[in-house]
Amino acid sequence: MGDTKNIIFAGVGGQGVLLIAELLALAAAAAGHDVKQTEVHGVSQRGGMVESHVRYGPKVWSPLIMPGQAHAIVGMEKLEALRFAHYIRPNGVIIVNDHEILPASVGAAAEKYPHGAIEFLRGKGLNVLALPATRIAAELGDIRAANMVLLGALSAHLDIAPTLWEQTLQTRMPARHLALNREAFARGVSTIERERRLA
Amino acid sequence: MKKLLSGNEAIARGAWEAGVKFAAGYPGTPSTEILENLARYPQVDAQWSANEKVAFDEGMGAAIGGLRVLVTMKHVGLNVASDAFMVFPYAGTNGGFVVISADDPGMHSSQNEQDNRYLALMAKVPLLEPADAQECKDFIAFAFDLSEQFGTPVMLRTTTRSAHTKSLVALGERREVPRRDFTPDIRRYSVPIYRHLLRPKLEARLRQLVEYVETCPLNRVERGDSAVMLSEAEHPTIGVIASGMAYQYAREVWPEAAFFKLGLVYPLPVRRLLDFCRRHETVYVVEEGEAFIESQLKALGAGNLIGKDLFGVIGEYSPERLATALKGEKPRPNFGDEITILPRPPMFCVGCGHRVVFDVLRQLKVLVAGDIGCYTMGALPPYEASHTTFCMGASIGNAFGFRRAGHERTVAVIGDSTFVHAGIPSLVDTVYNGGKTTVVILDNGTTGMTGQQPHPAAGKTLKGTPAPRLDLEALCRAVGIQHVTVVDTWERSSVLRAIRSALAYDGPAVVIARGPCQQLPEMRGRDLVPYAVDEAVCTNCEACYKVWCPAITPGANGKPVIDPLACVACGVCAQVCVPGAITSNVKRYDV
């Protein structure tokens, strides 16, 4: 899988997982890469899990990423980040929204939910970046923008120029949502930059 | 500038560029988005038909009449259309005719895995299999030319992965293809009478195709480390024969091998393939589904093939699966052995009207013959109130049979779109043969499972134009059902009363549980005031949890809380709340 970058997006139907996966694919294409984006959605708008793989580089063959090969995993909530965590490669980063969505139809989900997922993955020596994306989005006025906060955080880990991200957001997002999404994206970027200054 | 398109979007674009004028189909994952995208082009007359056979028949007529025609369906849809599909090649087509079969290895959203390449073989028509979105677009144009060159219908097989994967596509312009002249020809188009004349012609055409495929440019040999053609002198030890999305996986796993990339998969270019097999010590055949390519080559004597014995016939392929099969170990397991990774099964949407019906059916302890749609989830906990689900329209016939076998308290449950698709003949038959089944039609005004496509009882077309609305009540009465009740699907007591009364009625009965799908744009976009729990009145009796609405969860003080962003004000929780603590000040919906 040589020069190809592999990113996995995971979350729950309705969280905007496929949108941010598509935005990455568009930004990568704008940067001149070959790109493939695949997804499993089916009945996910009814509360199931949503998963999307994005791969970009000089030439991409398979749209599916192998376990142990992802450069980054973006989890829109903790359980879904955990579900796909074994896809991460040794130096990869797991960017997770510090947020829980209980699977509603599983009996006693609240007790069985892996509340300690982030600590567990860190205990495995994995690089986990947890950020309160839903809370940040709420501060900005709409929790649905949490996905853009995570995408901003992801962008700071990738080799795609900020101007291309801006151009992609402008092209893809409806004008009435652009300002909010742009701000949420910027908050994600600044979170990473702050961490880097502290490190 | 290339555009990022899914396989389905690329097929639609390709059909438009190829001058298609008429397109028809019935929604079915993973084929649905083709017609939805094609419908956006004003030059294309695109429509949802009542079912796949109707779509195929209409397409056949338009193609014999001289147009370029695309018909689309999922793999099991082609079963419905097979009667037409198996006979059309006898006559052959006039205008170009391409049928899309969208297969679903892994059964992401289907009742079975079936490899429809065998249907192309059975119909004796050429079969194309694209491996990315660019090929989806390019192969469509190729398929139309091939169809007209040989006068044959052509099948293009996608899979869930190739249909839903987005990749970059170089676009072209539309080519207007004039309508071909049509001359009535009884000896050609009245197949049953003149079958003895047409049957040898079908074989002769197939022989021509067998010759043609040996030089077809869609089949090529490549070196694994680049996309360039392999020269005669280069003979890597390992050769790989692959098609469709499996080809992409194979390219990841065998960077050093030589590849025979098949684009036209039936009839197989057997001379070239056997030659390829002779040039390599070991040849892997990587194909999703059955051993379609492998078994044909083995029958012709290829002895060095490795395929299904190693990679298996069940489920979807992936690079991980190929690598695991080759190395005998998984690249990396998940963490499920060390920490609970809860499943997240799909469920009825917040405010879905189906929830009330299945809650009532569970309470009535009846045997339920279910059907194909979101309501297959009625079989899952907490309802477990749908006991059979097989295929489109099966519920009504199955319920009739259950009663014949002595199971009197049997109810058939079927959605409105499925009822129109394949339920009507069964209802006619139930009346004709003296059945006394209770049939519940879940009428949400759309084809919900596949993403809200309109149908004949929805009152509009694929293009969004108004259409005469099929009157389901009148239809049921017209076929001879004398006990027809229409209820608001969110009025729990009415639903209960109606189904009870239908079960007690001495004859076949229909209950139409009506209320729009919550995912319809008009439902999502409406103003509503969410319901809320008045803490002061709530006694924490937990009755509201039994609605199993995902919007109701225990709050910080232990009492239920309704998520105001998720609530769609269906009002079912307020109906079951014992102390009357759940209220809203708005009327939710008028049936």
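Per chain, numbering begins at 1; letters A, B, ... match sequence-line order.
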Task: Toward chain B, the part of A/Y87 with a non-hydrogen atom under 4.5 Å - done: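 The side chain, not the backbone.
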TODO: Identify which part of A/I101 has an atom lying under 4.5 Å from any heavy atom of chain B, answering side chain, backbone, both or neither.
DONE: both
Heavy-atom distance under 4.5 Å between the side chains of [X] and [Y], does that happen here?
X	Y	result
B/T159	B/E316	no
A/Q37	A/S52	yes
A/I160	A/S155	no
B/H108	B/H164	no
A/K78	A/V96	yes

TODO: Let me know which of A/I95, A/I20, A/L154 forms a side chain to side chain contact (heavy atoms under 4.5 Å, CB included) with A/I7.
DONE: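 The option that passes is A/L154.
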- [ ] Check side chain to side chain contact (heavy atoms under 4.5 Å, CB included) between B/K3 and all other residues, then give those that pass, not counting sequence neighbours.
- [x] B/L5, B/L171
Task: With A/A29 via side chain to side chain contact (heavy atoms under 4.5 Å, CB included) - residues at least two apart - done: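 Expected list: A/V35, B/L168.
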Open item on the list: Which atoms of B/L565 are under 4.5 Å from chain A, going by heavy atoms: the side chain, the backbone, both sets, or neither?
Closed with: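 Side chain only.
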- [ ] Measure distances from B/A323 to the heavy atoms of chain A and classify the residue's part below 4.5 Å as side chain, backbone, both or neither.
- [x] side chain
- [ ] Kindly assign one of parallel, tilted or perpendicular to the pair B/F358 and B/Y383, based on the angle between their ring planes and the thresholds 30° and 60°.
- [x]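 The arrangement is tilted - the two ring planes meet at 30° to 60°.
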Open item on the list: Quick check: closest heavy atoms across B/R161 and B/T165, and the distance to 0.1 Å?
Closed with: O-OG1, 2.6 Å
Task: Distance-minimising heavy-atom pair for B/G370 and B/S386 - done: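 Heavy atoms only, the tightest pair is CA-OG, 3.6 Å.
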TODO: Sort by residue number and list every member of residues 117-140 of chain A having a non-hydrogen atom under 4.5 Å from chain B.
DONE: A/A117, A/F120, A/L121, A/K124, A/L126
TODO: Give me the contact list for residues 167-175 of chain A versus chain B, heavy atoms only, anything under 4.5 Å, ordered by residue number.
DONE: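 Listed by number, there are no contacting residues, so the answer is none.
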- [ ] Output the option from A/E22, A/E80, A/H53, A/R144 having the highest count of non-hydrogen pairs under 4.5 Å with chain B.
- [x]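 Greatest number of close heavy-atom pairs with chain B: A/E80.
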- [ ] Look at B/P550, B/P333, B/C352 and state which one has the largest set of heavy-atom pairs under 4.5 Å with chain A.
- [x]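 Heavy-atom pair counts peak at B/P333.
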TODO: Return the option, out of B/E320, B/R321, B/Q518, with the maximum number of heavy-atom pairs under 4.5 Å with chain A.
DONE: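 Heavy-atom pairs under 4.5 Å are most numerous for B/E320.
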TODO: Determine whether more than 12 heavy atoms belonging to other residues, nucleotides or ligands lie under 6.0 Å from atom CG of A/D159.
DONE: yes
- [ ] Evaluate the criterion side-chain hydrogen bond (donor to acceptor under 3.5 Å, both in side chains) for residue pair B/E36 and B/Q453; output intermediate values, then yes/no.
- [x] CA-CA 9 Å; B/E36 289 182 321; B/Q453 291 75 30; 2.8 Å; yes
